[in-house]
There are 2 protein chains.
Amino acid sequence: MKLGEGVEAAIHCAAMLAGVEGNSTMAASAMAEAFGLSPSYLLKHLNMLTAARILESVSGPAGGYRLARSAERISLLDIVLAVEGREPAFRCGEIRRNGPVRLDASAYVKPCGINAAMLKAEKAYRAALAEAKLSDIVSEYVTDADPRSVAAGCAFVARHQRPQKSSSTKQA
Amino acid sequence: MKLGEGVEAAIHCAAMLAGVEGNSTMAASAMAEAFGLSPSYLLKHLNMLTAARILESVSGPAGGYRLARSAERISLLDIVLAVEGREPAFRCGEIRRNGPVRLDASAYVKPCGINAAMLKAEKAYRAALAEAKLSDIVSEYVTDADPRSVAAGCAFVARHQRPQKSSSTKQA
DNA sequence: CTATTGCAGATAAACATTATCCACGATAAA
DNA sequence: TTTATCGTGGATAATGTTTATCTGCAATAG
């Protein structure tokens, strides 16, 4: 079982975007720089987040990304599913049917118990991720992490966030 | 997030082996046939299970595999970890350190909160899998599944299991 | 001795992930 | 209106992992 590296990038970016003020945005290039990531590839993941309506994007100069809703209403599950897809990790291939003894399909109406058990475990996984809000991640970071790191992070955000023309959607 | 197909094969094989009597064994080729799997590749997974001491193997003609302990003491977690490895799904690349602002390593002694949250979720996943015993899978199968399927499965096991020369380890 | 079976390693084929690039539409600022 | 910046989408390559096969070897029942 393995999660792609994009998950880590996506969560860090979302956490950073939680720090921008009002409806300001931050460019993808800034976030790529902040984490030492490939800018062109990071765009792919940010796009997934935008498609899932976790982020909003603004085109043009002074454009960039911002959270589409408050950090309290974004869970790690939202982000993980957006980046990794909503498919369960265990996919039942129904190999029990593939043997030389071919029974009628009616013999397999009951769902495979193995599949059920695996799905139940994944449900527990997702429930735990759903509990973890982006706002918790941020506030734990602010209280627990080394002050130098927090200061550097805040400075970076302050330096790179870009105010918008007022306009459009909802404002803080 | 994705689990390899080997997990499904491994669990089905283990469940089938739970049906063999005493210290009898079943050949890998028989199990491959039962599930329509590639025999040579299935061996790889069975080997993982043997290395993890979930299965025991017997060489030679009339050889094969059997459970290394009772089905009550084998959990789905045991099997998943044996086949997929013990690494957590989320691997923290510490990308928070990779930005242009290089802080001293002492600024990062506290573990990354994102990593902690992801690991916590995976802990819940593993706990759920640890609860699921192979014996539960088997007994639910026997009571819930279509009688035709159960009968066919039992017949297959009875036909392919092979008694051993008494000898060796522990007997039922 | 021989046939069957599991084991280890090399290797190939198929697929997924990671990464880069380019043409494009949007837009803020000059 | 022009220009430069930025996100979007698609094409494409580089890389790595999973899946699969094969071969030679050790074990062993008959």
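Here is how names work: the chains are called A, B, and so on, in the same order as the sequence lines, proteins then strands, and each is numbered from 1.
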Checklist entry - Could you state the CZ-C1' distance from F35(A) to dA19(C), rounded to the nearest angstrom? => result 19 Å
Next on the checklist: Nearest heavy atom decides the nucleotide; on that basis, is S59(A) or S40(B) closer to the 5' end of DNA chain D?
Outcome noted: S59(A)
Checklist entry - Under 4.0 Å: is that the gap between some side-chain N or O of R162(A) and OP1 or OP2 of dA28(C)? => result no
Checklist entry - Given that A62(B) and P39(A) both sit by DNA chain C, which one's nearest nucleotide is further toward the 5' end? => result A62(B)
Checklist entry - Between S57(B) and dC7(C), does any side-chain N or O lie under 4.0 Å from OP1 or OP2? => result yes
Checklist entry - Between R91(A) and E87(A), does at least one N-O distance fall below 4.0 Å, as a salt bridge requires? => result no
Checklist outcome for this item: Here the distance between atom P of dT5(D) and atom CG of L43(A), to the nearest Å, is 16 Å
Next on the checklist: Restricting to side-chain contact (heavy atoms from CB on, under 4.5 Å), what partner residues turn up for A152(B), sequence neighbours left out?
Outcome noted: V101(A), L103(A)
Checklist entry - Between dA19(C) atom P and L46(A) atom CG, what is the distance in whole Å? => result 14 Å
Checklist entry - At what distance, to the nearest 0.5 angstrom, does OG of S40(A) lie from CG of L43(A)? => result 7.0 Å
Checklist entry - Considering only heavy atoms and no angle criterion, is a donor-acceptor pair shorter than 3.5 Å present between the side chain of K44(A) and the base of dG10(D)? => result yes
Checklist outcome for this item: note: H45(A), atom NE2; dT8(D), atom C1'; distance rounded to Å ~ 16 Å
Checklist entry - Considering only side-chain heavy atoms of Y65(B), which listed nucleotide, dC21(C), dC7(C), dG7(D), is closest? => result dC7(C)
Checklist entry - In whole angstroms, how far is the C1' atom of dT17(C) from the CG atom of L42(A)? => result 15 Å
Next on the checklist: I want to check one thing: is the phosphate of dT21(D), taken as OP1 and OP2, less than 4.0 Å away from some side-chain N or O of S38(B)?
Outcome noted: yes
Checklist entry - Between atom NZ in K2(B) and atom P in dC15(C), what is the gap in whole Å? => result 11 Å
Next on the checklist: I want to check one thing: is the phosphate of dG7(D), taken as OP1 and OP2, less than 4.0 Å away from some side-chain N or O of N47(A)?
Outcome noted: no
Item to check | Minimum-distance nucleotide to A27(A) side chain [options: dT28(D), dT20(C), dC6(D)] | outcome: dC6(D)
Checklist entry - Got a second to check how far H12(B)'s NE2 is from N98(A)'s CG, nearest 0.5 Å? => result 9.5 Å
Checklist entry - Within this structure, what is the CE-to-P distance between M48(B) and dG6(C), rounded to whole angstrom? => result 16 Å
Next on the checklist: The side chain of P61(B) is closest to which nucleotide in this list: dA3(C), dT19(D), dA26(C)?
Outcome noted: dA3(C)
Checklist outcome for this item: In whole angstroms, the gap separating P of dT17(D) from CE of M1(B) amounts to 19 Å
Item to check | Pair E56(B) + R66(B), salt bridge at N-O below 4.0 Å | outcome: yes
Next on the checklist: If you compare every side-chain N and O of Y41(A) against the phosphate oxygens of dT15(D) (OP1, OP2), does one of them come in below 4.0 Å?
Outcome noted: no
